[in-house]
> 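The structure follows.
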2 protein chains.
Amino acid sequence: MKKHVLLYGTLGGAVIALLKAVEYRYLVVEHSVEIYGGLIAAVFATVGIWLGLRLTRAKETIVIREVLTPAHSAFVRDAGQVAALGVTPRELEILELIARGLSNREIGQTVFVSENTVKTHLSRLFEKLGAKRRTQAVQIGKERRLIP
Amino acid sequence: MKKHVLLYGTLGGAVIALLKAVEYRYLVVEHSVEIYGGLIAAVFATVGIWLGLRLTRAKETIVIREVLTPAHSAFVRDAGQVAALGVTPRELEILELIARGLSNREIGQTVFVSENTVKTHLSRLFEKLGAKRRTQAVQIGKERRLIP
DNA sequence: GCCAAAATCATCCGAAAGGATGATGTCGAA
DNA sequence: TTCGACATCATCCTTTCGGATGATTTTGGC
């Protein structure tokens, strides 16, 4: 949370500084309140939404997903297996993305972490699943009903 | 999304109107830019975060639609897809082994060909399926009913 | 506030995978 | 017999994976 506070502080400061600088140089000051107000509002609304999204991002992976495959019933994650293997939510999330065929880099980009982080998650996951390769991890994951 | 735009518009208008009203009555106009900027920033950041939270919360309320086809029916390879993509039997065979999590070397050993051969089969397969990685090939293969 | 689990990131290094290309060999159809 | 599809193998080179290790930061409970 500290990071966020800092972020806001800095951002606010920057915006205000920018406004001051601009005010005395290029823009007419008439009706500036509306203009600047709108500007600030827009910027902070954007940042706010972004932040809000980030805050809750992947809060819980317990969401049950439905599959379009017309041959199988709804997927229900086997919580027992998850607990027995000690697989964390993040690891599950990444396993799913691997099953979708993403590379480590792509996974990092979609969940907003570095490729390195993805790799460490994977290392641990492999160990927990007893897998030597990502394809094997996917196979085991499906077998144990960790992923659809 | 229209609702959000409207919401923001109205809110922005309200805030600015409020500011105007206040400006001419109670507050000193000196340094008002900073004060109002901060105010607007705070308000919109809050609203933004709140909105962001709402957005993701809604996303988590995923509905579970489901098809009621009987449990596992035997797998039937989609010959049409196979023909359409021009995938050869050997390539299919290897794709299945990949889906089981085998490495190229292991596949070569189980099918009695060299690792190099496996690789060329795979290269062609990837091209036909439009896959960049083996995991992706497996995903596509399952999707198109080339493999169970 | 403190602690443990989870998540984050990095670096080094070897192994595996993937791309590009060329060369045989086999077999069935034209 | 010639041609084309399929299968086989190789070499060179780049990218991606995965293992090992160490470290910091968040976070949830107590």
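Below, chains carry the letters A, B, ... as their sequence lines are ordered, and counting in each starts from 1.
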> Closest approach of A:S103 and A:R134, non-hydrogen atoms and distance?
CA-NH1, 4.2 Å
> A:F126 side chain: which of D:dT8, C:dC9, D:dG18 is closest?
D:dG18
> Among B:E143, B:K142, B:Q136, whose side chain to side chain donor-acceptor pair (under 3.5 Å) with B:Q139 holds?
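The passing option is B:E143.
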> Measure from CD on A:Q136 to P on C:dA16 and round the result to the nearest Å.
13 Å
> To the nearest Å, how far apart are A:L129 CG and D:dG19 P?
12 Å
> What's the closest nucleotide to the A:R124 side chain, out of D:dA7, C:dT8, D:dG19?
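My answer, after comparing the listed nucleotides, is C:dT8.
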> Could you state the CG-C1' distance from A:L102 to D:dT16, rounded to the nearest angstrom?
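Atom CG in A:L102 sits about 14 Å away from atom C1' in D:dT16.
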> Report yes if a side-chain nitrogen or oxygen of A:R134 is closer than 4.0 Å to either non-bridging phosphate oxygen (OP1 or OP2) of D:dC17; otherwise report no.
yes
> Are B:V138 and A:I98 joined in one hydrophobic group, where the rule is that I, L, V, M, F, W and Y side chains link up if heavy atoms are under 4.5 Å apart?
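Per the 4.5 Å side-chain linkage, B:V138 and A:I98 are not co-clustered.
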> What is the separation between atom CD on B:E91 and atom P on D:dC6, rounded to the nearest whole Å?
8 Å
> Can you tell me the distance, in whole Å, between the CZ atom of A:R105 and the P atom of D:dG18?
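Computing the A:R105:CZ to D:dG18:P distance gives 14 Å.
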> Check whether any side-chain nitrogen or oxygen of B:N116 sits under 4.0 Å from OP1 or OP2 of D:dC9, and answer yes or no.
no
> Rounded to whole Å, please give me the gap between CD in A:Q109 and P in C:dC9.
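It is 13 Å, rounded to the nearest whole Å.
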> Between B:R77 and B:L146 (side chain of the first, backbone of the second, donor and acceptor by atom type, cut-off under 3.5 Å), is there such a pair?
yes
> Quick check for you: among C:dG18, C:dA7, D:dC9, whose closest atom lies nearest to any side-chain atom of A:R90?
C:dA7
> For B:N104 and C:dA17, is the shortest distance between a side-chain N/O and OP1 or OP2 below 4.0 Å?
yes
> Select one nucleotide: of C:dC9, D:dA7, C:dG18, the one nearest the side-chain heavy atoms of B:L122.
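The answer is C:dG18, which lies nearest to the side chain.
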> Ignoring hydrogens and angles, state whether a donor on the side chain of A:T117 or A:S114 is under 3.5 Å from an acceptor on the partner side chain.
yes
> Would one find a side-chain N or O of B:T88 under 4.0 angstrom from OP1 or OP2 of D:dA5?
no
> For A:L95 and D:dC17, what is the distance between atoms CG and C1' respectively, to the nearest whole Å?
16 Å
> Check the distance between D:dT21's P and A:E127's CD and give it to me in whole angstrom.
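Rounding to the nearest Å, CD of A:E127 and P of D:dT21 are 11 Å apart.
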> What's the closest nucleotide to the side chain of B:S114 if the choices are D:dC9, C:dA7, D:dC17?
D:dC9
> Between D:dA7, C:dA10, C:dA16, which nucleotide has the shortest distance from any of its atoms to the side chain of B:H121?
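Nearest to the side chain of B:H121 among the choices is D:dA7.
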> I want to verify a distance call: between C:dC12, C:dT8, C:dG19, whose nearest atom is closest to the A:K119 side chain?
C:dC12
> Would you mind telling me which of C:dT8, C:dT21, C:dT11 lies closest to the side-chain atoms of A:T117?
C:dT8
> With hydrophobic residues grouped by side-chain heavy-atom distances under 4.5 Å, do A:V118 and A:I147 end up in a single group?
yes
> Nearest nucleotide by nearest heavy atom, which residue falls closer to the 5' end of DNA chain C, A:K128 or A:E115?
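It is A:K128 whose nearest nucleotide is closer to the 5' end.
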> For D:dT16 and A:S103 - does any side-chain N or O of the residue sit under 4.0 Å from the phosphate oxygens OP1/OP2?
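Negative; the distance criterion is not met.
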